[in-house]
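This structure is a prediction, so every number in the text was calculated from the model and none was measured.
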Amino acid sequence: METLHIALTHALPETILAVGVILMVLIGAFRGKADDGPMSEIAVLVLGAALVAIILKTTGSGIVFDNAFIDDRFGDFMKALSLGGSIVTLLMAGDFFRGQGINKFEFPILIVLATLGMLMLISANGLIALYLGLELMSLALYVTAALSRDDARASEAGLKYFVLGALSSGMLLYGASLLYGFSGAVSFAGIAGAIGGHPNMGVIFGLVFLVAGLAFKMSVVPFHMWTPDVYEGAPTPVTAFFASAPKVAAVAIATRVIYTAFPGATLQWQQLVIFMSIASMALGSFAAIRQDNIKRLMAYSSIGHMGFALVGLAAGTAEGVQGVLIYMAIYLVMTLGTFAAILSMRVAGHPVEKISDLSGLAKTNGTMAFFLAMLMVSLSGVPPLAGFFAKWYVFLAAVEAKLFGLAVIGVLLSTVAAFYYWRIIKVMYFDEAAPAFDRPNLTLRAVLAVSTVSMLLYWVYPAPLVQAAEGAAKSLF
């Protein structure tokens, strides 16, 4: 009983979410109504309680549940980001779903379930726990993508995501089976001890397939093909969710697996990560230039940003992990702020998604235009906004690891990507005014304002984020 108590103490955020989602299902069933009702508010409270449990945590690091679950500062950092992304998504989603007539009570439940999967995934300390967390997250995401059943685009998005997701899960499972077969262990530490500093061909194949499965969840090249269609077809709050919290969880588990299970195969995984990083930065930079749908543009933007995050991962050092953590925190805030602006794009009660719909926004809503422009500047990595410092840390880690070519390519592709971000600014400030948007609700205005101010003023006091990321990164080593 004492052992179970200790285990549940280390897994308190997950326990809160698990109990909360069971209660939410029961409430939804006994209400007997299809509409959302109080479910979103309950979901926010449950997610908020889990976040508070992480912030006020007093227990130290620990490995519980028969070495399957690890509780450490790295996990706490990434879990806090994932929970924050989920909470903000729920807060932004209400008006959109009510306006579209699809405010179903299942959506908040699915968000909490997906977030529970993310937290389990981030703390996975072995292949079995990794797969359980990944599938719990993924199955909920498949359903949310097709939430609007009467919308052909949403149904197509959900089907594409499901089919390709099943393929990626199969690849990951095949890689896991190879790793178990050649190492005789499922825990990351056991795999590291078994392969030592000389991985054989079977381990390398297992590593490749495992990384391929995780790359799909990060939507990096060459496993990005689902991203533009799903981002465009899914309801906008769902797209905002896909672009934020699940990305954090995927990057977190990829980082944990690579650094803790394969320290003796650095040369092999480093080549994989460098290839995916360069390919993702290149595709994200060039493919987004011709897009006219802002959600599709954000899909390619996310592919590019995951490529930039992988620059820090490729360094293979604690400084590289610190850069990845800082990058993901800043990316999360920028993305949520941008989607708050996209959700505010409504004309006569109907959502619009074309970049041309932003034409002359500075003349019809100067405040929104300024906030969105600053987020675009930050996404492009221009100083002194936070997006510049995000890239600075990952490029600096690459330079210190003597990956000069990767750093130079990253800087050049970042310059290319700036084109389509600044194009949006040009459309808002210099084109003829399109019909004015409806006044957004207070939540969207607050998210847009807070995210923009955070990006503008990050340079004034970056210490809390930098120190938290440094401590989290060191806990992996």
task: Kindly assign one of parallel, tilted or perpendicular to the pair Y231 and F242, based on the angle between their ring planes and the thresholds 30° and 60°.
output: tilted

query: Can you find a pair of side-chain heavy atoms, one from I253 and one from I122, that are under 4.5 Å apart?
result: no

- line: Separation between CD1 (I355) and NZ (K295), nearest 0.5 Å, reads 13.0 Å

- prompt: Within the side chain of S378, is there an N or O that forms a donor-acceptor pair under 3.5 Å with the backbone of L375?
  reply: no

- prompt: Can you check whether L413's main-chain N or O pairs, donor with acceptor, with S285's side chain at less than 3.5 Å?
  reply: yes

Hey, can you pull the donor-acceptor pairs under 3.5 Å for the side chains in residues 307-330, sequence neighbours left out?
unit_1	atom_1	unit_2	atom_2	d
T317	OG1	G320	N	3.1
Q322	NE2	V466	O	3.4
Y327	OH	H305	ND1	2.6

query: Counting N and O atoms only, with roles assigned by atom type, does the side chain of K363 sit under 3.5 Å from a partner on the main chain of D431, one being a donor and the other an acceptor?
result: yes

query: In Å, rounded to the nearest 0.5 Å, how long is the span from CG of L113 to CD of E106?
result: 11.5 Å

- request: Could you name each residue pair satisfying ring-ring contact (aromatic ring centres under 6.0 Å, His included) that touches residues 432-459, not counting sequence neighbours?
  value: F389-Y458

query: For F404, does the CZ atom sit with more than 12 other heavy atoms under 6.0 Å from it, leaving out its own atoms?
result: yes

- prompt: Quick one: CZ on F96 to OG on S344, what's the gap to the nearest 0.5 Å?
  reply: 12.0 Å

field: Rounded distance [0.5 Å steps], CD1 in I109 versus OG1 in T144
entry: 13.5 Å

statement: All heavy atoms of Y331 vs all of A243, minimum pair found to be OH-O, 2.8 Å

message: Using the rule given for side chain to side chain contact (heavy atoms under 4.5 Å, CB included), can you reason through M137 versus T115, listing the C-alpha separation, both sets of side-chain angles and the distance that settles it, and then say yes or no?
response: CA-CA 7 Å; M137 176 186 78; T115 309; over 6 Å; no

message: Strictly distance-based, threshold 3.5 Å: is any side-chain N or O of S414 a donor or acceptor partner for the main-chain N or O of G410?
response: no

Check: L164 and M225 side chains under 4.5 Å, non-hydrogen atoms: yes

message: What's the separation between atom CG in L47 and atom CG in L119, rounded to the nearest 0.5 Å?
response: 9.0 Å

message: Is it true that S219 and K247 share a donor-acceptor pair across their side chains at a distance under 3.5 Å?
response: yes

- prompt: Does D95 pair with R346 as a salt bridge, N-O distance under 4.0 Å?
  reply: no

Value rounded to 0.5 Å, distance of CZ in F395 from CG in L403: 12.0 Å

- prompt: Where do L172 and Y131 come nearest, in terms of heavy atoms and distance?
  reply: CD2-CD1, 3.9 Å

message: Between R256 and D72, does the salt bridge (charged side-chain N to carboxylate O under 4.0 Å, His left out) criterion hold? Intermediate values first, please.
response: CA-CA 11 Å; R256 189 185 293 282; D72 58 4; 3.0 Å; yes

Check against side chain to side chain contact (heavy atoms under 4.5 Å, CB included), F107 and V238: CA-CA 9 Å; F107 178 70; V238 175; 3.8 Å; yes

Test of ring centre spacing under 6.0 Å for Y429 and W422: no

Taking every non-hydrogen atom, the tightest pair across A53 and P13: CB-CG, 4.4 Å

- prompt: Angle class for the W226/F216 ring planes (parallel below 30°, perpendicular above 60°, tilted otherwise)?
  reply: tilted

- prompt: In terms of the angle between their ring planes, are Y142 and Y161 parallel, tilted or perpendicular, with boundaries placed at 30° and 60°?
  reply: perpendicular

- prompt: Is the backbone of L297 close enough, under 3.5 Å, to the side chain of S301 for a donor and an acceptor to pair up by distance?
  reply: no

message: Looking at M120, is its backbone amide N or carbonyl O close enough to the side chain of S123 to form a donor-acceptor pair, meaning the two atoms are under 3.5 Å apart?
response: no

field: Any donor-acceptor N/O pair, S280 side chain to S277 backbone, under 3.5 Å
entry: no

query: Does the side chain of Y300 reach to within under 4.5 Å of the side chain of I303, using non-hydrogen atoms?
result: yes

pair P237-L343: side-chain heavy atoms closer than 4.5 Å: yes

- request: List the steps and the verdict of side chain to side chain contact (heavy atoms under 4.5 Å, CB included) for M118 and V248.
  value: CA-CA 9 Å; M118 292 174 214; V248 172; over 6 Å; no

task: Search all heavy atoms of A472 against all heavy atoms of F74 and return the closest pair with its distance.
output: O-CB, 3.4 Å

Carboxylate-amine/guanidinium proximity below 4.0 Å for R296 and E232: yes

message: Donor-acceptor check, side chain of T335 to backbone of L332, threshold 3.5 angstrom: yes or no?
response: no

query: Which heavy-atom pair separates M368 from A341 by the least distance, and what is that distance?
result: CE-O, 3.3 Å

- request: Without swapping roles, check the side chain of N293 against the backbone of K354 for a donor-acceptor pair under 3.5 Å.
  value: no

task: Mind listing the closest non-hydrogen atom pair of G85 and T89 along with its distance?
output: O-OG1, 2.7 Å

